[in-house]
Each structure stands twice: as C-alpha cells, then as structure tokens.
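In what follows, chains carry the letters A, B, and so on, assigned in the order in which the sequence lines appear, proteins first and then strands, with residues in each chain numbered from 1.
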Protein chains: 2
Amino acid sequence: MAKSESAIDLGLHLPFQIAQLHSALSAQAKVIIAQYGDLNLAQWRIVRVVALDIAHSSTAVRTAAGLDKGQFSKMLAVLEAKGYVVVHPCPEDKRQHVLELTDRARRAHDRLGPVLDARQQHLVATLTTEEQEVVRKAIKAIAAAATKTDFDITPPEPEDT
Amino acid sequence: MAKSESAIDLGLHLPFQIAQLHSALSAQAKVIIAQYGDLNLAQWRIVRVVALDIAHSSTAVRTAAGLDKGQFSKMLAVLEAKGYVVVHPCPEDKRQHVLELTDRARRAHDRLGPVLDARQQHLVATLTTEEQEVVRKAIKAIAAAATKTDFDITPPEPEDT
DNA sequence: CTCAAATGGTGGAAAAGTCAACGATCAAGT
DNA sequence: ACTTGATCGTTGACTTTTCCACCATTTGAG
C-alpha cells in the first residue's frame, strides 16, 4: 500500500488538517462578517444563538456559542455597548441574565444570516448527503475521543537527556 | 423531515463544530506535548516537518506546518534558542534558511512521535476505513471551499439603517 | 546593467483567547 | 433559619495569535 511514507501521508495528521481547516473557515467567516457589520466572530455567534431562539439566558447562550466564561462576559459587554442586545435580569436565577436582541441586531441578523447559510451550503456542496452524515458523525466521535490525554505508550522519562 | 429547526440542526453549523473540534484537539495535543517536553504545538509541528523530511527550507517548512509568517519566525527563534534546531543560510536563496535538527530535537521526536501516532489512531478508532476516507476527502473539499469569500447574495447595503 | 514587482523574514502593535480569584447567588441538607 | 458547597458573572493579568509595515533579496523585463 501507499503507506510507505514515514507517517506523514494524508491519513495521519488529522489534528493538523482540522487545524488548517479551522483556520481557513475562521478567516473566511471573519472576512464575510466584516463586510456586513462591526461584529467579530464571537459576538456574531452570540447574536445568532439568540436570534435563532436556541437560548436566551446567559449560561445557555454561552455554552451554545462555545465561548469561554470570561470572553463571553467581555463580548456581551461590547454587544450591549454597541446597542445589539439588551440585558435583563433573570427572574429564575438572579445570577444570570436574559438577553434580548435589539432591532439593530435583528436587522444585522436578517442581512448576514442568509449569507452565512449560503456559505454553509457552499461548503458542503461537493459532498453527498451520506457523506455529510458521515462527517457529522465523525466530528462527534473525534471530539469525544479528544478528551483522552493519557496515552502513555511509554511513560515520560525525564532522565533521558 | 426533521429539518423543522430554524437553521440550527446539526447539519448547519459546520464551521462552529469544526471550531469546537479544533479546540478539543488542540487542548488534547497541548496536554500530551507538555508531558514530553517544553515545546508548544507550533514548535512541535516545525520539528516534526523537518524530522520527517517533508521540508527543510524555511518557507517550505512554514507552509507545511501551516503557520503564519510572523509566528513561524518567532517560534523558530525559540527553537533555536532552546537548542532544537540549527539554522543555516540557504545557498539558493539568501532570504531563506535551511533548518537542521539537533540531537535534542531528534530525541524529542523519537519519544513524542509514537505517542502522537497512538493518539491519531485513537482518534479515528471509531471510524471505519471508508469513513476515514470520506472525512479526509471532505476536509480537503471544505478547505478548498473556504477560500471563497464573496458570496454576496445581496450586496451590503449601508443605507439599511 | 537597471529597474520594478514579487517574495521572504523580522518586529511591533492590536486583537483574541486563557486563566484564576472574587463576590453574589443558589441549592441542599440540617 | 443557617451553613456548606457549587454555580454564575466580572475583572484583571497574562499568553497566544493575527495582522501589518518595513527592509533585504530575488526574479523578470527592458
């Protein structure tokens, strides 16, 4: 088989390829988003999660957007300052907030949403439905497998030097 | 079909899921690498590219490792300072350098390489060979599709506000 | 040879992301 | 009611990543 290469074929390197892919996607998103407003990627994600009614309370939005606690706090402050969201106290849990989008955010979402949907379609355009399904499943599986960190074929040996 | 959700099902979101996956993989790699030495991810990639004889001249290594120009310069300086690589002038192009690994780097690679290979296998362990093939193809295709930034369903209309 | 355009590497600035500590709030048990 | 432990959001320091302007070198055209 063509696996004669040391280890660098195409098969190996999955994390590297994912990183490359992520980089490309991120750059693409950045350019697109920049054309339509003054929000960055993280901020847009927050807006989108709320606009699609995926979540409205702060923690739920944060996890859905996949953001760090600190970063979320900062981005949310920016969004509020720019007039994209209004923050209400949460009746059920006084520690949290409830996010409400302003008209400005809704307009931005109405303009940008379709473009991002088009992008999404463009991205998977070359894949069949079955392939998309496989990819989706694989992402999930690999993400789960990525939690293990103790491989330890050979335990670290500090006195090797 | 089950596509009743606004847009947020599983199918959409690919960039987001890739981002999450990348984050998980990156964190995993970070932990593993940290156990075996004092190199970070980018530095390790450089070492690996050279160790596997994928490239030796600076620009080739940089692109193979998928690093930013500036970051590569800095990481390379660190590698040199730590005694992992020796930088020679490039005879064919005086702007570039030729990278040579030190024994230290080779030892590090000999120790860490197998662990990362094991990790790689673990990551794709749940996927069949065909599925791996699909994933590989998909990554390539999506990455290619990610270069397009001009979707412009509707051109930006500044006077919408 | 000379010039202009393109490419490579460096360094600094700005942005993004990470992390830990802190006070406020909640939940659960007593 | 009270206490303990957990969760939540904020803040500030810190690291990492990204971007851009600059100079040196190369390449190709005249």
message: What is the separation between atom NZ on A:Lys69 and atom C1' on C:dT18, rounded to the nearest whole Å?
response: 13 Å
message: Side chain of A:Ser73 only, heavy atoms from C-beta on: which candidate in D:dT10, D:dT26, C:dG9 is closest?
response: D:dT10
message: Classify B:Asn40 by what it touches in the nucleic acid, base, sugar-phosphate, or nothing, heavy-atom distance under 4.0 Å.
response: nothing
message: Please determine whether a side-chain nitrogen or oxygen atom of B:Thr59 lies at a distance below 4.0 Å from atom OP1 or OP2 of C:dG9.
response: yes
- request: Give the rounded distance in Å between these two atoms: CD of B:Gln20 and P of C:dG17.
  value: 12 Å
query: How about B:Leu76 and B:Leu99: do any of their side-chain heavy atoms sit closer than 4.5 Å?
result: yes
- prompt: How many Å lie between CD1 on A:Ile46 and P on C:dA16, as a whole number?
  reply: 12 Å
message: Rounded at 0.5 Å granularity, tell me how far OG in B:Ser73 sits from CG in B:Leu67.
response: 11.5 Å
- prompt: A:Leu67 CG to D:dT10 P: how many Å, rounded?
  reply: 13 Å
message: By the 4.0 Å heavy-atom rule, please label B:Lys30 as base, sugar-phosphate, or nothing.
response: nothing
- prompt: Looking only at side chains, do B:Tyr84 and B:Asp38 share a donor and an acceptor under 3.5 Å apart?
  reply: yes
field: d(CG, B:Leu41; C1', D:dT15) in whole Å
entry: 15 Å
message: I need the CG-P distance between A:Leu79 and C:dA16, as an integer number of Å.
response: 12 Å
- prompt: Nearest-Å distance, CD (B:Gln71) to C1' (C:dG9)?
  reply: 15 Å
task: For the pair A:Arg111 and A:Asp117, find out whether any cationic side-chain nitrogen is under 4.0 Å from an anionic carboxylate oxygen.
output: no
query: Angle class for the A:Phe16/A:His13 ring planes (parallel below 30°, perpendicular above 60°, tilted otherwise)?
result: perpendicular
query: Given atom NZ of A:Lys74 and atom P of C:dT18, what is their separation to the nearest angstrom?
result: 11 Å
query: Between D:dA6, C:dG9, D:dT26, which nucleotide gets closest to the side-chain atoms of A:Arg95?
result: D:dA6
field: B:His97 or A:Cys90, whichever maps to the more 5' nucleotide of DNA chain C
entry: B:His97
- line: By nearest-nucleotide position on DNA chain D, the 5'-leaning member of B:Ala42 and A:Ser57 is A:Ser57
task: Identify which nucleotide among C:dC19, C:dC26, C:dG9 has an atom closest to any side-chain atom of A:Asp68, counting heavy atoms from C-beta outward.
output: C:dC19
- request: By nearest nucleotide on DNA chain C, pick out whichever of A:Glu92 and B:Phe72 is the more 5' one.
  value: B:Phe72
